[in-house]
Asks: 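Got a structure for you, questions after.
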Amino acid sequence: MPELPEVETIRRTLAQHVLNQTIDDVILRWPGAVRGWEAIPFEQGVRGRQILSIDRRGKYLLIHLDEDWTLLAHMRMTGRLNYYEEEREPEKHTHVVFKLSKGELHFTDTRKFGRILLVPTEQCTKHPSLCVLGPEPFDPNFTPKELGQRLKNRSVALKIALLDQKAVAGLGNIYADESLFLAGLSPERAANSLKPKELKALHAAIQKVLQAGIDSRGTSFRDYRDANGEKGSFQRSLQVYGRGGEKCTTCGKILVRKRLGGRTTVFCSHCQH
DNA sequence: CCTTATGCCTGAATGC
DNA sequence: TGCATTCAGGCATAAG
């Protein structure tokens, strides 16, 4: 599922192809995948626009168009944005086809959770889904102290606090479990119980795991592909995610798998406290 | 403010 | 073999 490293990889691979291209036409094969802006229908706002730049905030892609419009895209679980040089038959779950000046961009999403929103560029930072996000993990504002501030009122399990995007933006189930393992912290710890040393370890682990994920071009555990349709390779580096019942790579004890707040969580009860 | 529960979806895996 | 159930999970929304 696209988390920060996957969305960043999509951003980079997409930018290689679509920058400065014009969106000549949009075909909505399932209109539920998109949202227009107030009275302006999605197709009308997008048609004829040029793609100027692509940013990322947490797990959101911000595709900036001319005339001060931005496409705010979230892949959720199975969303994909694929670029093709040539005209291409849509797949079964391709919901939106952007016809570009050269080639096509297909939004495909089996589970139909992902969305592409049309938003005026100056409204982006005010948008409800973006303005609640915690700091970017690689922003200088994201410090162990800041992380502590954002966890101090949270009595929920640490893992749950990392998954909601308010403490830090971009972690999902995979990288939350991996970060906690690297930090040696139990996902069941109360989020507000961390000592300064532990906050420092968690902060460092989050940055290290996310950077390694980006360097591996993401985790293709199931559906994830970049804009070129290529898999990432971080699934080969996973220490805990998807490894419940297997041996801990550090101590050899069996990894625990349990549900925490409805989310499957895997950790080593010997190495994580 | 906080926390928990539910709905959105399809396909793979599992149970009987 | 076939049918029903469970699971995967990010986020918006509603309710407590």
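Per chain, numbering begins at 1; letters A, B, ... match sequence-line order. Nothing here was measured: the structure is a model prediction, and the numbers come from that model.
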Asks: What range of DNA chain C does chain A touch, first nucleotide to last, counting atoms under 4.0 Å from its heavy atoms?
Replies: C/dA8 to C/dA12

Asks: Salt bridge check, A/E136 against A/R56: does any charged N sit closer than 4.0 Å to a carboxylate O?
Replies: yes

Asks: Given atom CZ of A/F221 and atom P of B/dA12, what is their separation to the nearest angstrom?
Replies: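 So the CZ-P distance, A/F221 to B/dA12, works out to 15 Å.
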
Asks: Tell me: CG of A/D164 to C1' of B/dA5, nearest whole Å?
Replies: 15 Å

Asks: What is the distance from NZ of A/K152 to C1' of B/dC1, rounded to the nearest Å?
Replies: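 A/K152 atom NZ is separated from B/dC1 atom C1' by 14 Å.
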
Asks: From NZ of A/K92 over to C1' of B/dT10, roughly how many Å is that when rounded to an integer?
Replies: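 So the NZ-C1' distance, A/K92 to B/dT10, works out to 8 Å.
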
Asks: Between A/K159 and A/D177, is there a salt bridge with N-O shorter than 4.0 Å?
Replies: yes

Asks: Apply the side chain to side chain contact (heavy atoms under 4.5 Å, CB included) test between A/L14 and each candidate in A/T9, A/L105, A/N82; give the one that qualifies.
Replies: A/L105

Asks: Base, sugar-phosphate, or nothing for A/M1, non-hydrogen atoms under 4.0 angstrom?
Replies: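 Sugar-phosphate: the residue A/M1, judged by heavy atoms under 4.0 Å, touches backbone atoms but no base.
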
Asks: Would you find a donor on one side and an acceptor on the other, under 3.5 Å apart, between the side chain of A/D66 and the backbone of A/Q50?
Replies: yes

Asks: Where each residue is assigned the nucleotide of DNA chain B containing its nearest heavy atom, which of A/V156 and A/R76 is assigned the position nearer the 5′ end?
Replies: A/V156

Asks: Considering only heavy atoms from C-beta outward, does the side chain of A/Q239 approach that of A/L182 to under 4.5 Å?
Replies: no

Asks: Across the strands shown, which category fits A/K166 at heavy-atom distances under 4.0 angstrom: base, sugar-phosphate, nothing?
Replies: nothing

Asks: Would you indicate, yes or no, if B/dC2 has its OP1 or OP2 atom less than 4.0 angstrom from a side-chain nitrogen or oxygen of A/S155?
Replies: no

Asks: Expected output is a numbered-order residue list: members of residues 106-129 of chain A with a heavy atom under 4.0 Å from any atom of DNA chain C. What is it?
Replies: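 Listed by number, they are A/R111, A/F113, A/S129.
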
Asks: Does A/H106 reach the side chain of A/R80, with side-chain heavy atoms less than 4.5 Å apart?
Replies: no

Asks: Report yes or no: is the cationic atom of A/R57 (NZ for Lys, CZ for Arg) under 6.0 Å from the centre of the six-membered ring of A/Y60, at an angle within 45° of the ring normal?
Replies: no

Asks: Figure out the CZ/P separation between A/R35 and B/dC8, and round it to whole Å.
Replies: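 Distance, rounded to whole Å: 13 Å.
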
Asks: Do A/D223 and A/M1 come close enough that some side-chain heavy atom pair is under 4.5 Å?
Replies: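 With C-beta onward as the side chain, the pair stays apart.
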
Asks: May I ask you to decide whether A/E198 forms a salt bridge with A/R189, counting only side-chain N to carboxylate O separations under 4.0 Å?
Replies: yes

Asks: Any base atoms under 4.0 Å from A/Y241, or only sugar-phosphate, or nothing? Heavy atoms, all strands.
Replies: sugar-phosphate

Asks: May I ask you to verify if any side-chain N or O of A/R222 is less than 4.0 angstrom from the OP1 or OP2 atom of B/dG11?
Replies: no

Asks: Going by heavy atoms in the side chains, are A/T121 and A/H64 under 4.5 Å from each other?
Replies: yes

Asks: Does B/dG11 have OP1 or OP2 under 4.0 Å away from a side-chain N or O of A/H93?
Replies: yes

Asks: Is there side-chain contact between A/L19 and A/L52, with heavy atoms separated by less than 4.5 Å?
Replies: no

Asks: Any non-hydrogen side-chain atom of A/F42 less than 4.5 Å from a side-chain atom of A/V26?
Replies: yes

Asks: Five pairs at each end of the helix from B/dC2-C/dG16 to B/dC16-C/dG2: take the axis at both ends and give me the angle between them to 10°.
Replies: 60°

